[in-house]
Amino acid sequence: MARMTVSTERPGRSGNGSVIDDGADALRLLPGLHGADRKIEAGQELFGVGAPFDAVCNLIDGWVSLYTLLEDGRRQIVQFVLPGGVFGMFGTSSGRATYGAQALTGALVCCIPLDVLNARMRDNPDVAMRLVRSLSRDRALAFDHLTSVGRCNARERVARLVLELFVRCRTQWPGNRIEEMYLPLTQEHIGDATGLTFVHVNRILRTLRKEGVVEFHHRRLRILDPDRLVRVAGVDHNAAMAWL
């Protein structure tokens, strides 16, 4: 990671993550389809675990977390969806959601009915290939998260998640070189994604700040030492490719 400079927001976004415009068609699974767009408020659920759902969601702007719930109410965040991401394909005969989706910021989501998606894929094979590529990236991310939670220590997990989100965000606007970004997560979100308690996450972030690695405060993430962050996270080139 080269040293980064300036620009702290994604073009087309306000400082609190609210949607200003509907993004570029390049982020759409079905370019030109605007009639199925929904604006979602921060904190709003798109669907919950077990809810009936017969559409595919394509995030155009904003941040969304995907999560599962244990019987006692504990939550595991399994993915953070960024603009261009596709989610909501459950592959079950019940037609019910196997995970929940909640907006972390104001978001714009294109909710594509399955019959519309099927018709477009029949008429345009490129749509099917675009969907396959998106699902393949999600699978690679899922494998990486499984490795992180299953084999990395707490310090590595937090550093790895911060680095992953930074890299994924940076690729959303490759013309800019940044060292600071808006990261619409709380320490509780980070804990739910890494399998750690809020207290443990807080302790690790404070230590990383004291060591001059990263600074996370009021939902602003600043990378102080990119090379050291990579070393702390224990990430190699092959692992990082799963994020792109």
Colleague: Any side-chain to backbone donor/acceptor pair from Arg222 onto Glu215? Under 3.5 Å, distance only.
Modeller: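 Answer holds: no.
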Colleague: Taking all non-hydrogen atoms of both residues, which atom of Leu46 and which atom of Ala103 are closest, and how far apart?
Modeller: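 For Leu46 versus Ala103, the nearest heavy atoms are CD1-N, 4.0 Å.
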Colleague: State, yes or no, whether a side-chain contact exists between Asn58 and Leu30 at a heavy-atom distance under 4.5 Å.
Modeller: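 No. Closest side-chain heavy atoms not under 4.5 Å.
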Colleague: Is it true that Arg74 and Asp192 make a salt bridge, defined as a side-chain N closer than 4.0 Å to a carboxylate O?
Modeller: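 Between Asp192 and Arg74 there is no salt bridge, as every charged N stays at least 4.0 Å from the carboxylate O atoms.
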Colleague: Quick one: does Thr105's side chain have a donor or acceptor within less than 3.5 Å of a partner on Trp63's backbone?
Modeller: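 Answer holds: yes.
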Colleague: Could you tell me whether the side chain of His145 reaches within less than 4.5 Å of the side chain of Gln76, counting heavy atoms only?
Modeller: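 No, side chains not in contact.
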Colleague: Check for me, please, whether Val56 and Leu59 land in the same ILVMFWY cluster - side-chain distances under 4.5 Å, paths through other members count.
Modeller: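 As far as the 4.5 Å side-chain criterion goes, Leu59 and Val56 are not connected within one cluster.
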Colleague: Flag the pair Glu164 and Arg168 as a salt bridge only when some basic side-chain nitrogen lies within less than 4.0 angstrom of an acidic carboxylate oxygen.
Modeller: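 Yes, this pair counts.
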Colleague: Checking Asp138 now: which residues fulfil side chain to side chain donor-acceptor pair (under 3.5 Å) with it, not counting sequence neighbours?
Modeller: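 Applying side chain to side chain donor-acceptor pair (under 3.5 Å) to Asp138 gives none.
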Colleague: Does Trp243 belong to the same Ile/Leu/Val/Met/Phe/Trp/Tyr cluster as Val149, with side-chain heavy atoms less than 4.5 Å apart forming each link?
Modeller: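 Looking at the clustering, Val149 is in a separate group from Trp243.
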Colleague: Kindly indicate whether the side chain of Phe53, heavy atoms from C-beta on, has any atom under 4.5 Å from the side chain of Arg96.
Modeller: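 No, every pair of side-chain atoms sits at 4.5 Å or beyond.
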Colleague: Distance check, rounded to the nearest 0.5 Å: Cys152 atom SG versus Arg157 atom CZ?
Modeller: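 One finds 8.0 Å between SG of Cys152 and CZ of Arg157.
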Colleague: Anything under 30° is parallel, anything over 60° is perpendicular, the rest tilted; go ahead and classify Phe47 against Phe87.
Modeller: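 The arrangement is tilted - the two ring planes meet at 30° to 60°.
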Colleague: Hydrophobic cluster membership, with links at side-chain heavy-atom distances under 4.5 Å among I/L/V/M/F/W/Y: are Leu208 and Ile223 in one?
Modeller: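 Cluster IDs for Leu208 and Ile223 match.
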Colleague: Give the minimum heavy-atom separation between Leu161 and Ala193, together with the two atoms involved.
Modeller: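 For Leu161 and Ala193, the tightest heavy-atom pair comes out as CD2-CB, 3.9 Å.
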Colleague: Going by atom types only, do Arg28 and His34 share a side-chain donor-acceptor pair under 3.5 Å?
Modeller: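 His34 and Arg28 do have a side-chain donor-acceptor pair below 3.5 Å.
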Colleague: Taking only residues two or more places apart in sequence or in another chain, which ones pass ring pair (Phe, Tyr, Trp, His ring centres under 6.0 Å) with Phe80?
Modeller: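 Per chain and number, Phe80 pairs via ring pair (Phe, Tyr, Trp, His ring centres under 6.0 Å) with no residue.
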Colleague: Can you give me the closest heavy-atom contact between Ile204 and Arg155, atom names plus distance?
Modeller: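 Of all heavy-atom pairs spanning Ile204 and Arg155, the closest is CD1-N, 3.8 Å.
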Colleague: Answer yes or no: is there a side-chain heavy-atom contact under 4.5 Å between Val64 and Gln102?
Modeller: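 Of all side-chain heavy-atom pairs linking Gln102 with Val64, none is under 4.5 Å.
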Colleague: Return yes if some donor-acceptor pair links the side-chain N/O of Ser148 with the main-chain N/O of Asp144 below 3.5 Å, else return no.
Modeller: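 Side chain of Ser148 to backbone of Asp144, a donor-acceptor pair under 3.5 Å: no, none is there.
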Colleague: If you look at every heavy atom in Tyr99 and Met89, which pair is closest and at what distance?
Modeller: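 Closest pair (atom of Tyr99, atom of Met89, distance): OH-N, 4.2 Å.
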Colleague: Tell me whether Glu211 is salt-bridged to Arg206, with the criterion being a basic N under 4.0 Å from an acidic carboxylate O.
Modeller: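 A salt bridge is absent here (no side-chain N lies under 4.0 Å from a carboxylate O).
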Colleague: Would you say the side-chain atoms of Arg130 pair up with the backbone N or O of Leu29, donor to acceptor, closer than 3.5 Å?
Modeller: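 Yes, Arg130 side chain to Leu29 backbone: donor-acceptor pair under 3.5 Å.
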Colleague: At what distance, to the nearest 0.5 angstrom, does SG of Cys57 lie from CG of Leu66?
Modeller: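 Spacing of SG (Cys57) from CG (Leu66) equals 9.0 Å.
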Colleague: Could you give the side-chain donor-acceptor pairs of residues 107-123 under 3.5 Å, partners two or more places apart or in another chain?
Modeller:
residue	atom	partner	partner atom	Å
Asn118	ND2	Leu114	O	3.2

